[in-house]
*Asks:* 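Okay, handing you the structure first.
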Amino acid sequence: MIPDWIELRTLGDERGSLAVIEAGKQVPFAIRRVYYIFGTRPEVTRGMHAHHRTRQAAFAVRGKCAMLLDDGATRISVTLEDPAKGVMLEPMVWHEMSDFSPDCVLLVLADAEYDESDYIRNYGDFTNHVHSSQS
Ligand code: T46
């Protein structure tokens, strides 16, 4: 699978840098929820799920982490390390975050409010959903 990257224009001057995310512009959805993950130990793996419907975009606004993306057919791992470059987490893509730097702050924008029933947290269930949607 090919990840969809979001590259933000960085507005900078002698005072530092500023990046802007506007719903429907830099991210292709209306933002309904923002959360951020920080203080994750390097040996920890987070995520390990897919969403039925929720679209998200993730940015390491500080530090870095790895993001594994798996659409049920192929899997790739990308590194998030640029505060101006995020990756889309589309529905029905299994994702895992790992190798967090101690300073990592992972910002996630979502198009829906939190709903545990939107999660597929078992990998076997995920592949079953993928294969049933293809038949
Ligand atoms: C995702 C990846 C990138 C809430 O109550 N509201 C929320 O909006 C979120 C995101 C989480 N929670 C609760 C659910 C759990 O009891 O916070 C706890 C930790 O969530 P979780 O174990 O799902 O965290 P991660 O880091 O494994 O996954 C998170 C998001 O949940 C998920 O949607 O795509 O980050």
Side-chain angles (χ1 to χ4, degrees):
M1 66 173 297
I2 300 168
D4 274 338
W5 291 101
I6 298 168
E7 303 213 19
L8 305 177
R9 194 160 69 95
T10 302
L11 308 171
D13 58 28
E14 67 285 354
R15 297 169 298 171
S17 301
L18 185 154
V20 184
I21 304 173
E22 291 167 292
K25 293 187 179 174
Q26 292 85 359
V27 292
F29 54 79
I31 299 163
R32 298 284 305 277
R33 181 165 51 109
V34 176
Y35 61 92
Y36 47 95
I37 293 166
F38 57 96
T40 300
R41 294 191 311 280
E43 69 274 16
V44 165
T45 299
R46 306 188 64 119
M48 305 183 75
H49 60 250
H51 288 282
H52 286 286
R53 293 170 299 278
T54 303
R55 296 186 84 188
Q56 302 187 105
F59 296 80
V61 292
R62 184 175 177 86
K64 63 190 266 186
C65 69
M67 178 75 77
L68 180 143
L69 302 169
D70 178 340
D71 64 3
T74 57
R75 48 172 51 196
I76 58 158
S77 182
V78 300
T79 301
L80 297 177
E81 57 186 344
D82 181 343
K85 187 172 176 182
V87 70
M88 285 294 299
L89 304 176
E90 296 287 5
M92 294 307 293
V93 173
W94 183 268
H95 48 280
E96 302 180 5
M97 303 89 80
S98 62
D99 299 323
F100 285 83
S101 62
D103 61 345
C104 183
V105 180
L106 183 66
L107 175 75
V108 184
L109 313 173
D111 74 346
E113 292 173 10
Y114 174 72
D115 176 3
E116 184 59 35
S117 71
D118 186 55
Y119 286 70
I120 307 172
R121 293 193 183 269
N122 177 282
Y123 189 75
D125 293 344
F126 165 69
T127 55
N128 287 342
H129 276 284
V130 170
H131 295 135
S132 64
S133 70
Q134 289 167 347
S135 57

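Every number for a ligand or one of its atoms is a count from 1 in the order of the listing.
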*Asks:* Given that the side chain starts at C-beta and the backbone is N, CA, C, O, which of these parts of E113 lies under 4.0 Å from ligand 1, counting heavy atoms, or is it both or neither?
*Replies:* neither
*Asks:* What's the shortest distance from atom 30 (C) of ligand 1 to any protein heavy atom, and which residue and atom give it?
*Replies:* Y35 OH, 3.2 Å
*Asks:* Return yes if some donor-acceptor pair links the side-chain N/O of R33 with the main-chain N/O of A112 below 3.5 Å, else return no.
*Replies:* yes
*Asks:* Just need the protein heavy atom nearest to atom 9 (C) of ligand 1, so name the residue and atom and give the distance.
*Replies:* Y114 CD1, 3.7 Å
*Asks:* May I ask you to identify, for I37, whether its side chain, its backbone, both or neither come under 4.0 Å of ligand 1 on a heavy-atom basis?
*Replies:* side chain
*Asks:* Can you confirm whether F29 sits close enough to I31 that some side-chain heavy atom of one is under 4.5 Å from a side-chain heavy atom of the other?
*Replies:* yes
*Asks:* Heavy-atom contacts under 4.0 Å between R121 and ligand 1: side chain, backbone, both, or neither?
*Replies:* side chain
*Asks:* Identify every side-chain donor-acceptor pair in residues 87-94 under 3.5 Å, counting partners at least two apart or on other chains, and give the distances.
*Replies:*
{"unit_1": "E90", "atom_1": "OE1", "unit_2": "R55", "atom_2": "NE", "d": "2.8"}
{"unit_1": "E90", "atom_1": "OE1", "unit_2": "R55", "atom_2": "NH2", "d": "3.4"}
{"unit_1": "E90", "atom_1": "OE2", "unit_2": "R55", "atom_2": "NH2", "d": "2.9"}
{"unit_1": "W94", "atom_1": "NE1", "unit_2": "E96", "atom_2": "OE2", "d": "2.8"}

*Asks:* Could you check atom 19 (C) of ligand 1 against the protein and tell me its nearest heavy-atom contact, residue, atom and distance included?
*Replies:* R46 NH2, 4.3 Å
*Asks:* So which protein heavy atom does atom 31 (O) of ligand 1 come closest to, and at what separation?
*Replies:* Y119 OH, 2.6 Å
*Asks:* Return a yes/no value for G47: is any of its N or O atoms, backbone included, closer than 3.5 angstrom to an N or O of ligand 1?
*Replies:* yes
*Asks:* Identify the two heavy atoms, one from K85 and one from L80, that lie closest to each other, and give their separation to 0.1 Å.
*Replies:* O-CD2, 4.3 Å
*Asks:* Using a 4.0 Å heavy-atom cut-off, say whether E116 meets ligand 1 through its side chain, its backbone, both or neither.
*Replies:* neither
*Asks:* Tell me the closest heavy-atom pair linking L106 and M67, and the distance in Å.
*Replies:* CD2-CE, 4.5 Å
*Asks:* Among Ile, Leu, Val, Met, Phe, Trp and Tyr joined by side-chain contacts under 4.5 Å, find the other residues sharing a cluster with L11 and list them by chain and number.
*Replies:* L18, V20
*Asks:* Examine the proximity of ligand 1 to Q56 and report which part, side chain or backbone, both or neither, has a heavy atom under 4.0 Å away.
*Replies:* side chain
*Asks:* Just to confirm, does any protein heavy atom lie below 4.0 Å from atom 17 (O) of ligand 1?
*Replies:* no
*Asks:* Taking S101 for the side chain and K64 for the main chain, is one N or O donor matched with an acceptor at less than 3.5 Å?
*Replies:* yes
*Asks:* Based purely on interatomic distance, does H49 place a nitrogen or oxygen under 3.5 Å from a nitrogen or oxygen of ligand 1?
*Replies:* yes
*Asks:* If you take all heavy atoms of V105 and F38, which pair is closest and at what distance?
*Replies:* CG2-CB, 4.1 Å
*Asks:* Which residue holds the protein heavy atom closest to atom 8 (O) of ligand 1, what is that atom called, and what is the gap in Å?
*Replies:* R33 NH1, 2.6 Å
*Asks:* Can you confirm whether some protein heavy atom lies under 4.0 Å from atom 25 (P) of ligand 1, or whether none does?
*Replies:* yes
*Asks:* Go through ligand 1 atom by atom and flag the ones less than 4.0 Å from a non-hydrogen atom of M97.
*Replies:* 2 (C), 3 (C), 26 (O), 35 (O)
*Asks:* For atom OH of Y114, is the number of surrounding heavy atoms from other residues, nucleotides or ligands below 6.0 Å larger than 12?
*Replies:* yes
*Asks:* Considering non-hydrogen atoms only, spot the tightest contact between E81 and A60 and give its length.
*Replies:* N-CB, 4.2 Å
*Asks:* For atom 33 (O) of ligand 1, what is the closest protein heavy atom, and at what distance to 0.1 Å?
*Replies:* H51 NE2, 2.7 Å
